[in-house]
Structure formats: structure tokens, C-alpha cells
2 protein chains.
Amino acid sequence: MSYIVSKAESVNRALDLVVPLQEPVKIHEDMRYSLLARGKRIRPLLCIAACELVGGEASVAMPAACAVEMLHTMSFIHDDLPCIDNDDLRRGKSTNHKVFGENVALLAGDALLPFAFEHLVSATSPVVSRVRLVRTVGELAKAVGVEGVAAGQVADISSEGFCFSIIIHLHKTAALLEASAVLGGIVGGGSDDETERLRQFARCVGLLFQVVEDILDVTISSQELGKTAGKDLVADKLTYPKIMGLEKSREFAEKLSRDAREQLLGFGSDQVAPLLALANYIANRQN
Amino acid sequence: MSYIVSKAESVNRALDLVVPLQEPVKIHEDMRYSLLARGKRIRPLLCIAACELVGGEASVAMPAACAVEMLHTMSFIHDDLPCIDNDDLRRGKSTNHKVFGENVALLAGDALLPFAFEHLVSATSPVVSRVRLVRTVGELAKAVGVEGVAAGQVADISSEGFCFSIIIHLHKTAALLEASAVLGGIVGGGSDDETERLRQFARCVGLLFQVVEDILDVTISSQELGKTAGKDLVADKLTYPKIMGLEKSREFAEKLSRDAREQLLGFGSDQVAPLLALANYIANRQN
């Protein structure tokens, strides 16, 4: 657990430096409000651990790690807006638009998205080859584009009361988690095979993350979860516990944990330690 | 004028191919609704003409041209939303959210933004060096980021009734126009000096565009303009005619035209023809 905590702290410090409170103040204040709220930093941690798996220094992956966290933040700022999920609570605080207004929240998201690319390119280009850098941009754009996060959200909208929940989860959570691991692999100097195994690992972890999220959503209160709990149930969206029951959901989570670990066979035990710590953290988290 | 028309047609055909009507259908339908609406295509034309100025083939600049048009489209879809400008009319049609709903409009914009980067990178990388490609990503991200379009919009929000109109225009319209020309210069193989002159040219043209827009806004009807006319007046925003009067605004437009042309001195007459045609088109447009 101390690996997770210390790396999450270094991500927090990096984000604080990368998005300082500067002119125009209002939009930076807004961006920082959500970006620096105490999140689990699973995506940046995955990115850094993936980089370390293939033998790269953690520092090489930090800009990519910050970029994925910016895109995740942008995604939930827009997701929480009244015209989408209309959520009041996120990361234990009022949602962005509740504090800054819908207009500023919308534009802060619009600013975070390109800034993620700008930061990735400017901060990574001194230490990673242009060929690898171009690949990271392509992977990241695809993850948050029409096939990734955005598509997940559109499916989300159209599916209230219908059966597309699994597809939503696959798209929405998985796309950026996969990209996080893949980016870490690319900037860390991983081979195509290693990067592909990182993608598979992240796919298992992404599903695992969602199953655990769904389980927590029906078993704990809003206060513990840091966002409005049970909301998916109220909105009549399908979740894993609703589809397969709570017990089967827990078994599924265990299977996904095993599948994820299998992707790491053949790597040295020092190299796999960070990713294993992360997978365990996701499997056992209580909020 | 025939250069403008034929190049605009080729941009329209390219956009139609790049964003086909595919799964998920709803979001693609939404994106195509605004992207393929008959716009002036000034940004993509500027990008292509800039590429031609420095000796590049028009086809090399087409992906960058499509990318800037996607980002422009994304920007006005979000700008028209009820929580920002609450506009009903754009490009002679109902605004995106009026047809598809706020939620889909929001997410279509969110999807267009990363897709612009994805398309730029995937379609340009076979024909342009990775070093130049990385530069285009950085320029484009900066243009639509917190210093560019998004900042312009936040200034827009805070300034109803105040004096920041000029700053808004500089940011909002200029950032993407500048990037369009700069991207064309980079992918066309231009030198740093040539690219810098293209940036200056675009800066003049960007101001020119806005001055002409403001003049048209007070002198013609909504039907001719294709968007709600006089809205800036109603909302008490400052425009060039309100600040300096209609006559001085026209003189300012003429001066900007001359300044733009000066940036092109020293290039061959064949090379400058496309950019000159575009500057003249912007100066003399009636809608």
C-alpha cells in the first residue's frame, strides 16, 4: 500500500505544478478544483507502473500520467453536468458545476482536454522518441474519442432503463484505463508484445474496477463512496450486482484479478510489484 | 473566387469521408449535422493555402485542415449551448442542441475534439516527419486550450456588459485561425521564418474576420447571416462598430487587409495567390 500512497502523492504534486493558479484565473481555479480533489489516481498510477514494468523510469511516465488524469477529470466534470447525469457529489465534494456554474464547468472540461495533449507532447518530447510520442497521442485521442469515453457516455444517455450497461462500462471506464497502461508501456520503451500485454492487463483491471465500483455502490453509503451512491439503481441502469447478483459479482471480480495477474507472467518480481499492488488495491478498495 | 469554391468543396468531401455515419450512429449523426453544414471553411482553406505558400501539396494539409474544422465545429456546438450563448441558429440551421438535445450536443463536441487529434496524427504521419507532426499537435492543442478558444469563451461569459470584447475576439477567433495557418506551414515543410510570417498573416486575417463579422452583424438580417443577428448588441457585448463606429471599423478592416498582404511580400505570385484569394474573400464577404 505504501507504493500506492507515495506514488499517488507524487502524482498530486505533479498535477499541482502542471496546472497552476494563473490567468485566466477563473478557469484555472475551476480546473484545479476537480483535478486536485483527492481522487484515487488509478489511471496515472497504472501509467507509471506500466512504464516501470517495461524498465522505464517513473519520471518518464509522469506527463502521460498527468494527461490521463486530466482527461479522466474532464470526462467526469462533463458527465456530472445537469444535461447528462446531474450529479451533486464527486470525490467527496460538490460537483464542479455546483460550485462554478454550468458554463465554467463546461469550458473547464473543454480546456482540460487539449491541455492533456499539449502537456503530454511538450513534457514528454525531450525524453521519448518522436515515433513513440506520436503513438501516445494517437492512443490517447482514440481512448477519449468517439470509440472510447464519449461513445460510452452516449450509450449511457440512450440506455436509461435498458440493457447496455455492460457496454457503457467497457467503453467509458476501460478506454482510458487501457490507454493509461499502454501509454506507460510506450513511453517506458516497451516492445509491441509488452505493450499488448499491458493493454490486456488494463482491460481486466478496468472490468475489475467497474465490478468493484458497482458492488460498492449497492453496499455502502454516499458519504463513504464520495459520490451519490445508489444513483445507478435509482436511474434504473443495469449494474453487475443487478445482472448477476452480489455473490456472482464478487466471484467475477476474483476471476478478473487472476486474469490480470496472468498477463504479468514472465516479468521479474521486482518489475511486476507496482502493477500487482495496484491490482490488489483496486480489488480490495472500500471507497 | 473559384479557387475558394473548389477548395471548399474538396474540404467538404474530405470531412464527409473522415466522419462517416457509423456506430454509434447517434453521435456520428450529430457530429455530421454540424460538421457538414455549409460553413465558409475559412480555417481549412487557410491551412491548405498556407501549405501551398511554402511549396507543399494541398493534399498533405488536408488532414490538418479537417482537424481545425472539427475543432471549430466543436467550439461552436458548445458555444451555442443554453448554459453559454443559448443560440438557436447556426450556419442557417437550428443549432445542434436544438435538434439532438443538450446531452448529445455536449458529447458530440467532446468526441470531435480528440478525434481532430487522432485524425491529424493518423492521416498525416505517413507523409510528414514525426518531428513536424509533434509540432502540429502542440500548436493545435495550445490553440484550443486554456490560452486559446476555451479562454476566449470564459472571457466571453464574464464580460457581458463589460469591455473585454476585443480580448475575446483575439482569443476565440484568432487562436484557431493562427493554428490553421501555422499547421499548413509546418506540414507543407515551411521554414521557421515562413511559419512565423504565416502566423502574423493569420493574426491580421483573424482580426479582419472579426471586424467584418461585427460589421455584418449590425448591417444585415439573421436570414442572410445564417445565425442570430444583432445578438451581441442585445447582450450588450462590445463590438468594433460599437467601439469605433461603422466607418472607422471599415477603415480598420482595410488596414488589416494591407497588413496581411505585407506578410506575403517576397513569395512568388503563384504561391501567394491562394492566401490572397482567401484574404480578399474574408474582407469582401457578405455573410
Side-chain angles (χ1 to χ4, degrees), chain A residues 19 22-24 26-28 30-31 71 74-75 78 81-84 97 101-122 125 129-135 137-151 153-158 171, chain B residues 19 22-24 26-28 30-31 71 74-75 78 81-84 97 101-122 125 129-135 137-151 153-158 171:
Chain A
V19 185
Q22 64 187 14
E23 288 288 341
K26 196 168 186 183
I27 198 167
H28 282 97
D30 180 300
M31 287 156 71
L71 293 176
M74 169 269 161
S75 164
H78 281 189
L81 283 170
C83 72
I84 312 268
H97 65 274
E102 279 180 59
N103 47 8
V104 182
L106 170 63
L107 297 174
D110 286 357
L112 275 171
L113 209 161
F115 187 62
F117 288 93
E118 190 186 340
H119 178 62
L120 170 67
V121 165
S122 66
S125 65
S129 78
R130 296 297 196 279
V131 173
R132 285 182 182 268
L133 192 51
V134 167
R135 278 177 62 199
V137 171
E139 289 280 351
L140 201 54
K142 205 164 186 173
V144 292
V146 73
E147 293 172 31
V149 175
Q153 284 167 321
V154 167
D156 216 349
I157 290 170
S158 344
H171 275 297
Chain B
V19 185
Q22 65 188 14
E23 288 290 339
K26 195 167 185 181
I27 199 167
H28 282 96
D30 179 299
M31 287 155 73
L71 293 176
M74 170 269 162
S75 164
H78 282 188
L81 283 170
C83 71
I84 313 265
H97 65 274
E102 280 179 58
N103 47 8
V104 182
L106 170 62
L107 297 174
D110 286 356
L112 276 171
L113 210 160
F115 187 63
F117 289 93
E118 189 186 341
H119 178 62
L120 171 66
V121 165
S122 66
S125 65
S129 78
R130 295 297 196 278
V131 173
R132 284 182 181 269
L133 192 51
V134 166
R135 278 178 61 199
V137 171
E139 288 281 351
L140 200 54
K142 205 164 187 173
V144 292
V146 74
E147 293 172 31
V149 174
Q153 283 168 318
V154 167
D156 215 350
I157 290 169
S158 347
H171 274 297

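Below, read A as the first sequence line, B as the second, and so on, with proteins coming before strands; counting in each chain starts at 1.
- Residues passing the side chain to side chain contact (heavy atoms under 4.5 Å, CB included) test with Gln22(A) are Pro20(A), His28(A), sequence neighbours excluded.
- Under the 30°/60° scheme for interplanar angles, the aromatic rings of Phe117(B) and Phe117(A) are found to lie parallel.
- In this structure, chain B has heavy atoms under 4.5 Å from both the backbone and the side chain of Val134(A).
- Atom CG of Leu81(B) and atom CG of Leu106(A) lie 6.0 Å apart (nearest 0.5 Å).
- The two residues Pro114(B) and Gly145(A) have their closest heavy-atom pair at CG-CA, 3.7 Å.
- Atom CZ of Arg130(A) and atom CZ of Arg135(B) lie 10.0 Å apart (nearest 0.5 Å).
- Annotation: the span from Glu118(A) atom CD to Glu139(B) atom CD amounts to 9.5 Å, rounded to 0.5 Å.
- To the nearest 0.5 angstrom, Leu71(B) atom CG is 10.0 Å from Leu113(A) atom CG.
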